[in-house]
*Asks:* 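One structure follows; several queries about it will come next.
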Amino acid sequence: MTEQGVDSMRVRLLAAGTLGTGPVYYWMSRDQRVADNWALLYAQHLALELKRDLRVVFCLTSDFLGANLRHFGFLTRGLKEVAHTLKPLDIGFDLLFGDPGYEVARFLTKENCSSVVTDFDPLRIKHQWKNQLLDQASMSVYEVDSHNIIPCWQTSNKQEYAAYTIRPKIKSKLADFLTDFPTLVVHPFPSAGPISNVEVKTILNRVRDQSVAESSFFVPGEAGAWQAMTDFIQNRLAGYPDRRNDPCLNGQSGLSPYLHFGQLSAQRLALEVERSQAPQGAKQDFLEELIVRRELADNFCYYNQRYDTVEAFPDWARKSHADHRRDKREYLYSRDQFEQAETADRLWNACQQDLAYKGKLHGYLRMYWAKKILEWTSCPEEAMSVSIYLNDKYSLDGRDPNGYSGIAWSIGGVHDRAWPSRLVFGKVRYMNQNGCRRKFDVDRYISEVNRTTGTN
């Protein structure tokens with residue numbers, strides 16, 4: 001353990017460089033919070049050892065993987081809170097704009113940075129940014145996984161086939177990693193540099209895609225995340241096993257936007273769930289989703305960099321899709337028809353309208369939504385493209401390993417098994433509206449969406 005209580009197994013050295021005379025920097029990217037952040041804690045540990053000031057840097061790029069006003073609004077309002085929270089801790093904050101890999105490397109070099117700590121992220125674009133930093137900068141670079149409870153590279157050294165293969169690996173290490181967080185202290189070497197102002201309105205005016213409005217259903221930032229977590233644990237966790245698959249009952253946590261943007265620590269959420277008075281069965285069911293399924297998604301994207309293509313599908317699914325490419329589809333819709341909710345299926349249309357309006361779709365319905373896109377497009381490649389486009393455009397938790405793995409599960413059988421073959425789907429698991437009707441009141445859900453969104 002380090003002096004700041006950050007287990008060395010959470011940290012890995014990406015590059016050993018020269019020691020600059022400037023501050024220690026934490027390059028914040030995936031984990032946009034001050035509390036419960038192992039990377040920030042480790043950066044403070046390094047700064048204390050070196051007797052240097054500590055600063056956080058974040059770089060905004062205005063066209064990140066098709067993100068729009070909805071996503072940038074949530075992110076920027078959260079960053080404003082980060083900057084405000086850091087100030088009384090005597091930790092600096094720098095906000096940059098442009099290509100992150102290039103801009104961060106240029107900035108840290110100019111500041112003669114002592115060393116830099118950055119977030120782990122399994123997505124390709126984050127690898128590219130990090131490699132740009134490693135290619136251009138001369139300081140030591142450390143990576144810390146603050147997003148997963150067990151660092152992704154510690155859980156497994158390969159892509160896991162399914163939940164049942166990763167679950168025992170997680171369980172064998174969970175007690176070592178599911179620990180309380182140490183406290184981030186007021187930094188004794190105050191930062192001399194200015195604190196960047198996060199001018200939300202000015203930043204949002206620079207966002208290229210203004211087509212999707214911000215969601216009013218989620219309050220961005222750490223405080224909003226904590227309030228949403230507390231509300232779930234106190235009011236819905238106990239009924240989670242019986243209510244989670246019914247979109248009419250508000251039985252899920254609704255915390256995925258906060259987990260995606262790193263405004264809430266999954267480890268903090270797990271600790272608070274364990275300490276709650278909810279029935280043990282409810283705790284276990286929720287922690288299975290939070291830990292096993294969520295960390296399985298990171299494992300998938302980290303070890304399979306084709307995670308958003310059909311090349312990521314297991315062999316049996318690719319062969320099955322090949323056998324059924326020429327199957328006649330009952331309907332064929334364009335991407336625009338899907339986006340405008342113009343299918344013959346009222347439930348699917350309601351799902352798309354719900355997603356577009358709120359910025360989040362119920363987990364069970366998200367599976368149905370993606371599987372119907374497979375059924376109503378010409379091929380699995382098109383189905384993947386349409387599903388990822390719509391999910392990433394409208395969902396607050398888009399561009400996330402959970403989204404990519406969930407779509408790959410729905411369309412390509414990733415983390416699933418082969419089922420009896422049928423038209424179009426082949427051996428990929430099938431879902432239809434009758435199955436939904438056995439789970440919940442479909443007509444009630446459609447009526448509620450129509451009422452909320454003002455559609456017919």
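Here, residue 1 is the first one in the sequence, and each next residue gets the next number.
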*Asks:* Would Leu48 and Phe189 count as a side-chain contact (heavy atoms from CB on, under 4.5 Å) here? Give the steps.
*Replies:* CA-CA 8 Å; Leu48 291 172; Phe189 309 101; 4.2 Å; yes

*Asks:* Closest heavy-atom contact between Pro314 and Val414?
*Replies:* CD-CG2, 3.9 Å

*Asks:* Would you sort out whether Gln44 and Asn37 count as a side-chain contact (heavy atoms from CB on, under 4.5 Å), showing the intermediate values?
*Replies:* CA-CA 11 Å; Gln44 184 168 67; Asn37 187 329; over 6 Å; no

*Asks:* With the side chain counted from C-beta on, respond yes when Leu361 and Tyr394 share a heavy-atom pair under 4.5 Å apart, and no when they do not.
*Replies:* no

*Asks:* Is the closest basic N to carboxylate O distance between Asp246 and Arg243 below 4.0 Å?
*Replies:* no

*Asks:* Would you say that Tyr25 contacts Asp94 through its side chain, given a criterion of any heavy-atom pair below 4.5 Å between the two side chains?
*Replies:* yes

*Asks:* Quick one: CG on Leu95 to CE on Met28, what's the gap to the nearest 0.5 Å?
*Replies:* 11.5 Å

*Asks:* Has Gln305 got more than 12 heavy atoms of other residues, nucleotides or ligands less than 6.0 Å from its CD?
*Replies:* yes

*Asks:* With a 6.0 Å cut-off on ring centres, are Phe74 and His71 close enough?
*Replies:* no

*Asks:* Quick check for you: to the nearest 0.5 Å, what is the distance between Tyr142 atom OH and His45 atom NE2?
*Replies:* 8.5 Å

*Asks:* Under the rule for side-chain hydrogen bond (donor to acceptor under 3.5 Å, both in side chains), what residues qualify as partners of Trp369, not counting sequence neighbours?
*Replies:* Gln352

*Asks:* Can you tell me if NZ on Lys158 sees more than 12 non-hydrogen neighbours from other groups inside 6.0 Å?
*Replies:* no

*Asks:* Backbone N or O of Phe300 within a donor-acceptor pair of the Asn304 side chain at under 3.5 Å?
*Replies:* no

*Asks:* Over all heavy atoms of both residues, which pair between Pro380 and Ile411 is shortest? Give the atoms and the distance, please.
*Replies:* O-CG2, 4.2 Å

*Asks:* Does His147 use its side chain to pair, donor to acceptor, with the backbone of Phe120 at less than 3.5 Å?
*Replies:* no

*Asks:* Do the non-hydrogen side-chain atoms of Phe218 and Lys360 ever get within less than 4.5 Å of each other?
*Replies:* yes

*Asks:* About how many Å separate CG of Leu259 and CG of Leu290, when rounded to the nearest 0.5 Å?
*Replies:* 6.5 Å

*Asks:* What I'd like to find out is whether the side chain of Arg124 reaches to under 4.5 Å of the side chain of Asp308, using heavy atoms alone.
*Replies:* yes

*Asks:* As an exercise, state the distance from CZ of Arg10 to CG of Leu41, rounded to the nearest 0.5 Å.
*Replies:* 10.0 Å

*Asks:* With no hydrogens and no angle check, is any side-chain donor or acceptor of Glu448 less than 3.5 Å from a backbone partner on Pro247?
*Replies:* no

*Asks:* Can a donor-acceptor pair be found between the side chains of Gln154 and Asp145 at a distance below 3.5 Å?
*Replies:* no

*Asks:* Does a side chain donor of either Ser256 or Asp397 reach within less than 3.5 Å of an acceptor in the other side chain?
*Replies:* yes

*Asks:* Between atom NZ of Lys87 and atom CZ of Phe93, what is the distance when rounded to the nearest 0.5 Å?
*Replies:* 13.0 Å

*Asks:* Report yes if the side chains of Leu40 and Val56 come closer than 4.5 Å at any heavy-atom pair, otherwise no.
*Replies:* yes

*Asks:* Any non-hydrogen side-chain atom of Phe58 less than 4.5 Å from a side-chain atom of Val82?
*Replies:* no

*Asks:* Does either side chain, that of Asn299 or that of Glu160, offer a donor lying less than 3.5 Å from an acceptor on the other one?
*Replies:* no

*Asks:* Does Phe313 offer a backbone N or O that forms a donor-acceptor pair with the side chain of Arg318 under 3.5 Å?
*Replies:* yes

*Asks:* Step by step, would you call Asp298 with Thr155 a side-chain contact (heavy atoms from CB on, under 4.5 Å)?
*Replies:* CA-CA 10 Å; Asp298 256 38; Thr155 299; over 6 Å; no

*Asks:* With salt bridge (charged side-chain N to carboxylate O under 4.0 Å, His left out) as the test, would you mind laying out the steps for Glu289 and Arg294 before giving the verdict?
*Replies:* CA-CA 6 Å; Glu289 297 295 324; Arg294 188 170 164 277; over 6 Å; no

*Asks:* Indicate the atoms forming the closest heavy-atom contact of Ile149 with Phe177, along with that distance.
*Replies:* O-CB, 3.5 Å

*Asks:* What closest approach, in Å, do Val141 and Leu13 show between heavy atoms, and which atom pair accounts for it?
*Replies:* O-CD1, 3.5 Å

*Asks:* Start with the C-alpha distance between Arg244 and Asp285, add both sets of side-chain angles, then the distance that settles side-chain contact (heavy atoms from CB on, under 4.5 Å), and finish with yes or no.
*Replies:* CA-CA 10 Å; Arg244 62 177 171 172; Asp285 283 2; 4.2 Å; yes

*Asks:* Would you call Arg55 and Glu111 a salt bridge, taking side-chain N to carboxylate O under 4.0 Å as the test?
*Replies:* no

*Asks:* Taking the six-membered ring for Trp, are Phe72 and Phe64 ring centroids under 6.0 Å apart?
*Replies:* no

*Asks:* Could you work out, with side chain to side chain contact (heavy atoms under 4.5 Å, CB included) as the rule, every residue matching Glu272, not counting sequence neighbours?
*Replies:* Trp226, Met229, Ile233, Arg268, Arg275

*Asks:* So, taking the atom named CD1 in Ile170 and the one named CG in Leu296, what distance separates them when rounded to the nearest 0.5 Å?
*Replies:* 7.5 Å

*Asks:* Do the rings of Tyr307 and Tyr404 sit parallel, tilted or perpendicular, given the 30° and 60° boundaries?
*Replies:* tilted

*Asks:* Above 12 or not: heavy atoms from other molecules or residues under 6.0 Å from OH of Tyr389?
*Replies:* yes

*Asks:* Within the distance-only criterion (no hydrogens, no angle test), does the side chain of Asn391 pair as donor or acceptor with the backbone N or O of Ser387 below 3.5 angstrom?
*Replies:* no

*Asks:* Treating Ser405 as the side-chain partner and Asn402 as the backbone partner, does any N or O pair qualify as donor plus acceptor under 3.5 Å?
*Replies:* yes

*Asks:* Would you check if Arg293 and Arg167 make a side-chain contact, meaning some heavy-atom pair closer than 4.5 Å?
*Replies:* yes

*Asks:* Using modelled atom types only, decide if a donor and an acceptor are shared between the side chain of Tyr357 and the backbone of Val449 within a distance under 3.5 Å.
*Replies:* no

*Asks:* Would a 4.5 Å heavy-atom cut-off, applied to side chains only, mark Thr309 and Met384 as touching?
*Replies:* no

*Asks:* Evaluate whether atom NE2 of His127 has more than 12 neighbouring non-hydrogen atoms of other residues, nucleotides or ligands under 6.0 angstrom away.
*Replies:* yes

*Asks:* With a 3.5 Å distance limit and no angle check, can you tell me whether Arg236 reaches the backbone of Ser253 through a side-chain donor-acceptor pair?
*Replies:* yes

*Asks:* Closest approach of Asp354 and Tyr445, non-hydrogen atoms and distance?
*Replies:* OD2-OH, 2.7 Å

*Asks:* Does one side chain, of Gln252 or Tyr364, offer a donor that lies under 3.5 Å from an acceptor on the other?
*Replies:* no

*Asks:* Closest heavy-atom contact between Asp416 and Tyr161?
*Replies:* O-OH, 3.7 Å

*Asks:* Can you confirm whether the side chains of Tyr26 and Asp119 place a donor and an acceptor under 3.5 Å from each other?
*Replies:* yes

*Asks:* Can you check whether Arg429's main-chain N or O pairs, donor with acceptor, with Lys371's side chain at less than 3.5 Å?
*Replies:* yes

*Asks:* Gln32 side chain to Gly78 main-chain N or O, any donor-acceptor pair under 3.5 Å?
*Replies:* no

*Asks:* Side-chain donor-acceptor pair under 3.5 Å between Ser29 and Lys126, yes or no?
*Replies:* yes

